[in-house]
Amino acid sequence: MLAALALMGFPISPTFIGVDLLFSHIHEDQYVLAAFNAISFIFGGIALIRIYARLFLGPHIKNYHTTALKSS
């Protein structure tokens, strides 16, 4: 979890400096660039949390769905 937070730019990680520099160099009239950066930041966070959940919490298994047999 700490590695996922560090990749997202948590304030105690070196990535935070890069994210801060990236957002601080966007000028006030560059709305599109700021929107693209913010959206990519959000999607990256969602992807990292999904990767973390898949690796450490196991696959999502629903008990009320039928599953195909491996031999068929």
Side-chain angles (χ1 to χ4, degrees):
M1 188 63 169
L2 290 175
L5 286 174
L7 282 172
M8 276 306 299
F10 195 65
I12 61 171
S13 69
T15 310
F16 179 73
I17 297 169
V19 171
D20 187 41
L21 287 173
L22 180 75
F23 280 112
S24 67
H25 284 287
I26 297 175
H27 298 290
E28 293 178 2
D29 58 341
Q30 296 175 327
Y31 300 113
V32 176
L33 183 61
F36 279 138
N37 280 334
I39 290 171
S40 69
F41 192 67
I42 291 168
F43 284 152
I46 292 171
L48 280 171
I49 296 302
R50 287 182 55 116
I51 290 170
Y52 172 80
R54 183 66 188 242
L55 285 175
F56 296 106
L57 301 178
H60 181 69
I61 298 173
K62 296 179 181 175
N63 294 330
Y64 54 87
H65 287 284
T66 58
T67 57
L69 297 175
K70 302 283 184 189
S71 63
S72 62

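Computation of the quantities below employed the complete heavy-atom set of this structure, encompassing side-chain atoms and omitting hydrogens, waters and symmetry-equivalent molecules. In this text, all values refer to a predicted model and were calculated from it rather than measured experimentally. Numbers here simply count residues along the sequence, with the first being 1.
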Heavy-atom closest pair, residues I26 and L22: CG1-O, 3.5 Å
Co-members of F36 in a cluster of I, L, V, M, F, W and Y side chains, linked at under 4.5 Å: V32
Members besides L21 in its Ile/Leu/Val/Met/Phe/Trp/Tyr cluster (side-chain heavy atoms under 4.5 Å): I17
Pairing residues for S13 by the side chain to side chain contact (heavy atoms under 4.5 Å, CB included) criterion, not counting sequence neighbours: A6, F10, T15, F16
Linked hydrophobic residues, Y31 as query - side chain contacts closer than 4.5 Å: none
Gap separating the NE2 atom of H25 from the CG atom of L33, nearest 0.5 angstrom: 12.0 Å
Residues that, via side-chain heavy atoms closer than 4.5 angstrom, fall in one hydrophobic cluster with I42: I39, F43, I46
Sequence-distant partners of Y52, ring pair (Phe, Tyr, Trp, His ring centres under 6.0 Å), two or more places apart: F56
